[in-house]
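If you're wondering where the values come from, they're calculated on a predicted model, not measured in any experiment. Chain naming here is simple, since letters A, B, ... match the order of the sequence lines and numbering starts at 1 in each.
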Amino acid sequence: MSKIGVFVCHCGENIAATVDCEKVANTAAKFDGVEFATDYKYMCSDPGQNLIKNAIKEHHLDGVVVASCSPRMHEPTFRKACSEAGLNPFMCEVANIREHCSWVHEKGDATTQKAIDIVRGLVEKVSRDHPLESIHVPITKKALVIGGGIAGIQASLDIANAGHKVILIERDPSIGGHMSQLSETFPTLDCSQCILTPRMVEVAQHPNITLYTYAELEKLEGFIGNFKATIRLKAKSIDEDVCTGCGTCTTKCPTKKIPSEFNQGLGNRTAIYVPFPQAVPNKPVIDKDHCLHYQKGVCGLCEKVCPTHAIHFGQDDSFITEDVGAVVLATGFNVLNTDFFPEYGYGKYKDVITGLQFERLASASGPTSGEIRRPSDGKIPQKIVFIACAGSRDPAKGIPYCSKICCMYTAKHAMLYQHKVHDGESTVFYMDIRAAGKNYEEFVRRAIEEDGVNYVRGRVARVYEKDGKLIVKGVDTLLGAKPVEIEADMVVLATAGVANAGAEELAQKLHVSYDPYHFFAEAHPKLRPVETNTAGIYLAGACQAPKDIPDTVAAASGAAVKVAGLFSQPDLVREPIIAKVNRMPPPVFSTCVGCFMCETACPYNAIEREEIKDRRSGKVIKTIAKVNPGLCQGCGTCVSFCRSKSIDMQGFSNEEMFAEVQALLED
Amino acid sequence: MSETNQEFEPRIVAFVCNWCTYAGADLAGTSRLKYATNVKIVRFPCTGRIDFMLLLKAFEEGADGIIVSGCHPNDCHYTSGNFHARRRWTVFRGLLDFMGIDVRRIHFTWVSAAEGAKWADIVNETVADIRALGPYDEYKSIASNFEKEAAK
Amino acid sequence: MKIGFYPGCSLKGTSREYNESVQAICKALDVELVTIKDWNCCGATAAHSMNRALSLALPARVLALAEQQGMDEIVVPCASCYNRLSVTQYELANDENLKKEVVDAMGLPYEGKVRILNVIQMIEKYLLDVIPAKVTSKFEHAVACYYGCLLVRPHKILNFDRVEDPQSMDRIISLIGGTPIDWGFKTECCGAGLSVSRTDLVAKLSANIVKDAADRGAKAIIVACPMCHSNLDMRRPDINEVLDSPIDIPVLYITQAIGLAIGLSVEELGLQRHFVKVNL
Amino acid sequence: MENKDSISRRLKAATGIDTALCYQCGKCSAGCVLADDMDFPPSYILRLLQTETPDSDRAVLTSNAIWICLNCENCIGRCPKEVDIPSMMDFLRAESRKAGLVSPKAKTVIAFHKSFLEQVRDTGRLYEVGLEMAYKLRTFRIFQDVKLVPSMLAKGKLHFLPEKLSDTSVMKNLFQRISGKEDTK
Ligand SMILES: Cc1cc2nc3c(=O)[nH]c(=O)nc-3n(C[C@H](O)[C@H](O)[C@H](O)COP(=O)(O)OP(=O)(O)OC[C@H]3O[C@@H](n4cnc5c(N)ncnc54)[C@H](O)[C@@H]3O)c2cc1C
Ligand SMILES: Cc1cc2nc3c(=O)[nH]c(=O)nc-3n(C[C@H](O)[C@H](O)[C@H](O)COP(=O)(O)OP(=O)(O)OC[C@H]3O[C@@H](n4cnc5c(N)ncnc54)[C@H](O)[C@@H]3O)c2cc1C
Ligand code: SF4
Ligand code: SF4
Ligand code: SF4
Ligand code: SF4
Ligand code: SF4
Ligand code: SF4
Ligand code: SF4
Ligand code: SF4
């Protein structure tokens with residue numbers, strides 16, 4: 001027979017005004033198993049808590065029900081008090097007679113009766129509760145960062161500087177991401193490479209960071225604190241340990257006409273290449289799809305000229321596995337190409353370019369050494385048109401959302417153009433100017449007021465070429481939709497920011513959710529913006545939604561703090577409110593029949609398979625379900641799926657819940 | 001609504017999830033909204049945990065009506081528990097129908113942590129609906145039939 | 001090979017030569033066109049400017065007749081008719097009530113299963129393979145293929161070619177030895193239904209088209225729509241009044257271009273009926 | 001005050017076209033070949049309708065733009081929000097005639113459409129000589145296109161007698177049944 005204590009709180013007048021607290025206590029005192037019952041003005045106050053503690057000791061209570069405010073308010077308070085008095089904290093339940101009773105009903109018998117019923121339900125539940133212990137899960141204190149853009153770089157450095165090991169994997173031959181392609185950056189116009197390159201070098205040299213470029217995640221198993229990552233190291237066809245990065249091979253390679261990804265097709269590269277001069281690591285890879293050796297079995301020039309014999313044509317992709325405790329996703333974004341736009345020529349006009357291509361033209365390290373020249377004939381455009389929202393905010397053909405960064409970089413582009421071509425004329429067609437950031441509006445105004453950029457509010461209907469000019473047909477909606485036609489030399493489209501290629505596939509590998517546009521989804525849009533729904537996997541940067549550099553870096557540092565916070569604990573402590581498959585002595589072992597309905601139901605992949613083997617022969621007698629306590633979040637979905645009632649939830653077991661329901665309905 | 005039913009005070013149990021509806025009901029309280037006393041709340045971690053055997057149990061113990069409520073689709077604290085609950089509800093509904101149980105006695109709904117007023121409305125609507133349906137006496141006969149079947 | 005055929009009013013009147021050239025090339029390439037018996041006007045722009053139900057009932061009757069006469073596919077050379085018939089089919093397929101109303105009004109059963117081909121689709125489907133072997137005198141001219149608006153829009157319904165910068169006529173022209181030029185007015189409207197009532201506007205719009213084609217070195221404009229043709233050809237004096245200097249490049253139907261390439265005569269193709277002399 | 005009888009609301013009820021979808025980007029007007037000639041280019045018309053005021057509604061119904069719109073579908077083809085402007089124009093034309101607010105400038109257009117439909121009603125097909133004659137009687141534009149007629153005849157493009165359906169009552173009946181619902185006069 002249990003010994004339960006019931007403590008009814010008046011909450012000043014909050015409860016006592018409509019509920020007869022004394023009557024509740026007196027009635028509860030008569031319930032089966034109740035050893036002690038009382039009421040008091042403020043249970044959560046120190047004297048109130050002492051009342052509970054003393055009663056536990058004095059009456060040797062093995063269960064406590066506090067009838068008070070919502071458990072969402074003071075459950076931790078009362079559980080802690082119980083614990084201090086030597087009672088297992090999970091033997092304490094809170095009956096909500098304030099939010100669910102005294103505050104929502106008028107004073108009267110029905111209200112007091114409801115309070116009594118609620119207490120009765122929890123008395124029955126607590127008498128079936130079991131002492132539970134918090135769960136401790138070990139943590140591997142090493143992080144995996146996927147993607148080496150500014151987000152991945154920042155997150156890696158922050159985690160590494162906090163004293164933890166980091167594995168950084170980057171799909172391309174160099175880290176740097178989109179930021180390395182930018183010319184100057186809003187809102188300060190500092191040179192992108194100048195501020196980025198030192199950080200790239202720091203990553204390469206940091207003792208806590210292991211960098212794998214030309215690498216991709218193959219597989220991720222396990223759970224928070226205990227992941228196992230399999231990484232594919234794509235064959236670079238060179239031995240990085242031997243290569244000195246002298247560059248002889250790249251100058252000699254005869255395959256020179258491959259459009260450079262880094263220069264967005266505005267320049268060429270060779271088959272063996274370093275994507276850009278400041279690349280980290282600054283060692284080449286061979287692009288097998290274009291190399292004559294791989295495609296036709298000829299050439300081999302690079303092998304012959306390499307002074308250190310670093311070229312290894314025979315290299316295959318290799319795989320490594322790493323144990324890690326947390327993962328940071330930082331795979332970034334991409335922009336639509338111009339061929340996406342029918343009305344702007346399906347990409348057939350050479351002088352209609354994307355904003356990213358403009359960055360390469362404006363960049364001192366770009367194909368024109370920073371001079372704005374049109375791709376078709378190298379002339380300096382005297383009239384240039386920028387079209388904002390190209391594909392963004394276009395539910396019909398593009399994407400419905402606002403890409404967020406393009407208003408700002410378009411203002412920057414127009415400004416850079418005016419700085420470089422003093423007598424040039426620039427026009428921006430826009431729908432709205434979204435410049436909601438520190439110094440952003442000022443930046444846009446500067447473009448208009450100081451640099452004389454002509455802003456026209458209206459969307460461009462079409463662009464076509466005539467006599468070497470691009471005819472841009474727009475409208476000025478502020479002048480009653482008056483048609484505006486501009487004969488431009490070059491048109492720059494602020495093409496929509498979209499999820500990176502392969503994002504959906506990667507999300508599925510990691511079991512993280514993603515939105516309809518394949519951007520990774522945060523656990524909560526406001527309060528958990530750098531976490532995913534999968535414990536131990538975090539988000540940084542533009543893989544979540546288009547973001548500018550300040551937002552990206554802030555998010556990356558946020559994700560890093562989450563990782564560092566996780567790693568700062570000796571091990572992972574979790575509430576024991578998790579599912580458990582019953583076990584019993586042989587020959588039954590468990591009532592689990594191995595149907596694995598629970599496995600299909602669990603949203604967290606927490607159900608594993610356990611083989612019960614004969615101790616002598618080692619033969620498998622039975623395969624049953626087993627809950628991984630590291631993964632289980634305690635949702636209980638499995639419990640309602642199990643037909644043989646073999647899996648149950650600690651703290652919300654079938655027995656406990658049946659008893660509570662039954663008692664609630666008693667009268 | 002008939003005269004006799006006016007007097008009848010239905011007994012209703014609400015099975016709600018901890019993260020949304022329980023908090024929504026808390027909000028109704030902090031906002032001092034008033035609603036009928038007939039509904040008693042049982043807290044679950046997630047609607048996914050709400051086993052429909054429990055609903056039968058509630059009817060067996062004399063409940064006249066039941067509310068099942070959790071987070072809105074896509075807001076589930078546990079990503080998908082409420083989807084499972086909804087899927088199971090569709091199946092279960094058919095089963096209840098087949099057993100001869102009046103599905104109008106179970107209200108399935110979503111209330112978020114911010115919808116205190118919605119919770120109050122749902123309680124009042126459910127009480128009115130169940131009151132109109134009258135006490136749930138048939139369940140006992142259905143249950144005894146099942147017992148007889150089982151005994152055979 | 002037999003296909004159903006809906007000439008539409010223009011091909012019986014102002015655009016006789018379109019009809020003649022369609023018939024001529026089909027005959028030469030062994031495709032038999034079977035005209036829908038007792039067909040009526042599709043209502044064109046007038047009907048849907050004035051009365052929506054009527055604008056659906058008139059084309060629906062045509063489609064119903066085709067069904068009744070056992071045709072599962074019809075060729076509709078006039079772009080306007082093609083557009084009206086296709087839109088009607090789409091709208092009736094997506095609105096049961098509307099369908100009932102229209103069926104009641106025309107008093108004929110209607111299923112909506114007839115496949116509607118414009119002339120280019122017909123050529124691509126039935127003639128593309130046989131044309132090359134029949135080409136006797138290559139159509140070696142630089143031409144501007146003008147699609148107009150009704151052939152490609154609304155794209156969601158017609159689902160024909162690319163909506164901006166379509167390519168199908170250009171491909172046919174290349175096939176018979178011509179050089180399609182890249183130009184800017186392939187699908188800009190010529191003024192279509194306003195030809196008589198607002199000749200001023202039509203002249204302006206058509207002038208833009210003719211000028212761009214001529215400026216870029218086209219020696220002819222190729223069309224697949226009687227309205228485009230009459231606006232660009234018959235209205236040339238009005239157009240030339242708008243322009244600084246007159247332009248005299250001819251306007252040919254795509255079927256006439258093919259006809260010339262496979263050796264049919266000027267008369268067979270009705271080229272003598274044009275207002276702007278065909279001096280190719 | 002809320003204007004429950006605004007054109008926007010009636011448009012939505014009758015056709016499903018929702019003027020609220022338009023975010024005034026102006027792309028329709030930018031691409032419309034006749035925007036220059038319209039008193040209100042298409043996006044402007046949408047803005048007027050969005051205000052749902054009697055003044056704006058009246059401005060739309062008396063506008064010339066709705067009558068010179070060619071239904072070329074250029075606008076909807078490019079509209080990011082897929083606002084069906086051509087169908088909206090059809091609706092506005094009907095409204096304008098119902099309200100007796102047709103722009104004086106649009107008389108010739110309407111006269112032409114009417115004559116056209118009369119031809120179709122009477123013969124089942126378009127009879128161009130008849131059409132020209134009827135149109136000219138309506139508009140008193142006796143001399144328009146007179147230059148063209150002789151050469152059209154010479155080129156075999158005009159017939160003196162109409163081509164008719166085997167049974168012309170078919171068309172009359174069809175028109176009658178449809179006109180029962182809407183005004184075609
Ligand atoms: C035209 C243009 C101009 C801009 N100008 C500015 C500006 O002036 N100021 C400003 O603040 N912001 C600007 N931005 C925004 C800026 O580029 C982004 O904020 C920033 O690049 C986001 O960094 P990121 O690391 O999240 O993503 P990214 O830069 O996209 O980096 C992602 C990295 O992950 C790698 N990766 C992708 N998938 C995988 C995978 N599966 N496995 C391994 N690695 C992977 C990629 O190769 C890449 O290196 C501009 C953007 C554009 C398009
Ligand atoms: C009308 C309005 C509506 C909004 N709606 C939304 C919305 O719907 N969604 C959204 O995401 N955001 C919204 N926001 C923005 C949101 O309020 C802010 O993002 C958020 O409050 C910022 O949090 P904070 O902690 O930085 O600052 P604050 O909320 O301002 O908190 C700062 C705290 O510091 C204390 N403090 C100040 N000085 C001192 C000092 N010297 N010493 C000690 N303490 C000090 C203050 O008392 C205060 O408690 C809205 C803002 C406004 C004004
Ligand atoms: S030549 Fe050899 S050492 Fe030099 S960069 Fe190439 S691979 Fe490296
Ligand atoms: S073998 Fe390939 S990478 Fe090497 S030089 Fe030849 S083409 Fe270039
Ligand atoms: S940021 Fe500006 S340009 Fe980019 S989609 Fe948003 S509103 Fe358009
Ligand atoms: S200040 Fe506020 S209201 Fe004004 S543009 Fe910026 S975000 Fe919008
Ligand atoms: S615990 Fe239940 S649901 Fe899971 S495998 Fe075992 S019997 Fe099946
Ligand atoms: S309680 Fe939820 S998370 Fe845990 S094993 Fe069951 S279904 Fe999975
Ligand atoms: S294109 Fe569409 S959204 Fe833009 S102004 Fe025109 S109708 Fe409105
Ligand atoms: S349909 Fe009318 S409004 Fe639209 S583009 Fe054509 S002429 Fe202009």
Any donor-acceptor pair under 3.5 Å from C:Arg153 side chain to D:Cys75 backbone: no
Find the one option among [options] whose heavy-atom pairs under 4.5 Å with chain D are most numerous.
| options | result |
| --- | --- |
| C:Gly43, C:Cys149, C:Ser49, C:Ser55 | C:Ser49 |
| C:Arg61, C:Lys37, C:Glu17 | C:Arg61 |
| C:Cys42, C:Pro154, C:Gly270 | C:Pro154 |
| C:Glu188, C:Gln272, C:Lys156, C:His155 | C:Glu188 |

With rounding to the nearest 0.5 Å, note down the distance linking [atom1] in [X] to [atom2] in [Y].
| X | Y | atom1 | atom2 | answer |
| --- | --- | --- | --- | --- |
| D:Ser87 | C:His48 | OG | NE2 | 8.5 Å |
| C:Ile157 | D:Glu73 | CD1 | CD | 7.0 Å |
| D:Asn74 | C:Thr187 | CG | OG1 | 6.0 Å |
| D:Arg93 | C:Asn51 | CZ | CG | 12.5 Å |

Where do [X] and [Y] come nearest, in terms of heavy atoms and distance?
| X | Y | value |
| --- | --- | --- |
| C:Arg198 | D:Asn64 | NH1-ND2, 3.9 Å |
| D:Phe116 | C:Cys41 | CE2-SG, 3.9 Å |
| C:Met50 | D:Ile110 | CE-CG2, 4.0 Å |

Should we say atom [atom1] of [X] is surrounded by more than 12 heavy atoms from elsewhere, each under 6.0 Å from it?
| X | atom1 | result |
| --- | --- | --- |
| D:Lys172 | NZ | yes |
| D:Tyr44 | OH | no |
| D:Arg58 | CZ | no |

Proximal to chain C - members of residues 76-84 of chain D, heavy-atom separation under 4.5 Å: D:Arg78, D:Glu82
Residues 25-37 of chain D: residues contacting chain C (heavy atom under 4.5 Å, by number):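 D:Gly31, D:Val33, D:Leu34, D:Asp36, D:Asp37, listed by number.
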Test item: C:Arg52 and D:Phe91 side chains (from C-beta on) under 4.5 Å apart, heavy atoms: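 Contact flag for C:Arg52/D:Phe91 side chains = no.
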Non-hydrogen side-chain atoms of D:Leu174 and C:Asn40 separated by less than 4.5 Å: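 SC-SC contact between D:Leu174 and C:Asn40 ruled out.
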Segment of D:Ile68 engaging chain C (4.5 angstrom heavy-atom cut-off): both
Region of D:Met171 in contact with chain C, defined by heavy-atom distances below 4.5 Å: side chain
Name the member of [options] that forms the most heavy-atom pairs with chain C at distances under 4.5 Å.
| options | answer |
| --- | --- |
| D:Lys107, D:His113, D:Met89 | D:His113 |
| D:Asp90, D:Ile66, D:Val109 | D:Asp90 |
| D:Asp167, D:Leu92, D:Asn71 | D:Asn71 |

Which portion of C:Asp200 sits near chain D, non-hydrogen atoms under 4.5 angstrom: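 Neither part, no heavy atoms under 4.5 Å.
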Chain D contact via C:Lys204 - side chain, backbone, both or neither, heavy atoms under 4.5 Å: side chain
